[in-house]
Amino acid sequence: IDVAALERALEMIAREQTALSLQFSDQGLRLADARKIPVQRVSCADSELLTRLRELAAEEIDFRAGSSPLRAAVVSTPECDVLLLVWHHLACDGHSLGLLLERLSDAYDAAIAGFAFVAKPSSDARALAASEATYLGSPQAEVDRVHWYGKYAGGFAPLFPATQPAGREKAGALLTREIGRDAITA
């Protein structure tokens, strides 16, 4: 993984996606200027990889300290590099994850090739939140929920744990599940 290109790609995405500039303060939620999303670099032995990924994923995103709702790390072993992305649900949810990863991939490819990345116009995070709230309160949201729960009933575990272990209510979770191409393109 070219970490410098990844940092440029994340910066491009942060300029494009206003949700990545969300910050909390005593006055509430606000949009900060687009910011750099640093990539943490970690090296470890192959045998320590999962432990390090779990530790990094469990680090809290502290908005009051100015943290971005998206955190990135490249964990390198003698055998491989692994990109770990940790995001707060305000920045990315199940609906927008694919879009964010697609845009990040495009921006990374552009950064590697030395091309300019053409950012899409920023969406208004407030308008997006209002639209999402409207959708979630609609009859269609219930139809969609029933559809997707039915589609994966019996053979597909939920991606996210329903509960956190005691004392870990604010911690993230490490998800190491592969989903077959046929399931995500259906």
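Index from 1, following the sequence.
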Practice item. Measure from the side-chain N and O atoms of Tyr108 to the backbone N and O of Leu10, and report whether any donor-acceptor pair falls under 3.5 Å. Key: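 Absent.
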
Exercise for review: Output yes when a side-chain donor or acceptor of Glu7 lies under 3.5 Å from a complementary backbone atom of Ala4, and no otherwise.
Suggested key: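 Checked: no pair found.
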
Quick one: pull up [atom1] in [X] and [atom2] in [Y] and give me the separation to the nearest 0.5 Å.
{"X": "Leu56", "Y": "Leu85", "atom1": "CG", "atom2": "CG", "value": "12.0 Å"}
{"X": "Glu48", "Y": "Glu55", "atom1": "CD", "atom2": "CD", "value": "9.0 Å"}
{"X": "Ile13", "Y": "Ile37", "atom1": "CD1", "atom2": "CD1", "value": "8.5 Å"}

Where do [X] and [Y] come nearest, in terms of heavy atoms and distance?
{"X": "Leu70", "Y": "Trp87", "result": "CD1-CB, 3.9 Å"}
{"X": "Arg71", "Y": "Glu60", "result": "NH1-O, 3.7 Å"}
{"X": "Leu84", "Y": "Ala57", "result": "CD2-N, 3.9 Å"}
{"X": "Val82", "Y": "Ile1", "result": "C-CD1, 4.1 Å"}
{"X": "Ala5", "Y": "Ala111", "result": "O-CB, 3.5 Å"}

Given side chains that start at C-beta, do those of [X] and [Y] come closer than 4.5 Å, heavy atoms only?
{"X": "Cys44", "Y": "Thr77", "answer": "yes"}
{"X": "Leu49", "Y": "Val75", "answer": "yes"}
{"X": "Ser76", "Y": "Val42", "answer": "no"}

**Study point:** Enclosure of Gln140 CD (heavy-atom neighbours >12, cutoff 6.0 Å)
**Key:**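 Check passes, neighbour count above 12.
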
Check your understanding: Does a side-chain N-to-carboxylate-O contact under 4.0 Å join Glu11 and Arg8?
Key ->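 Salt bridge flag = no for Arg8 with Glu11.
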
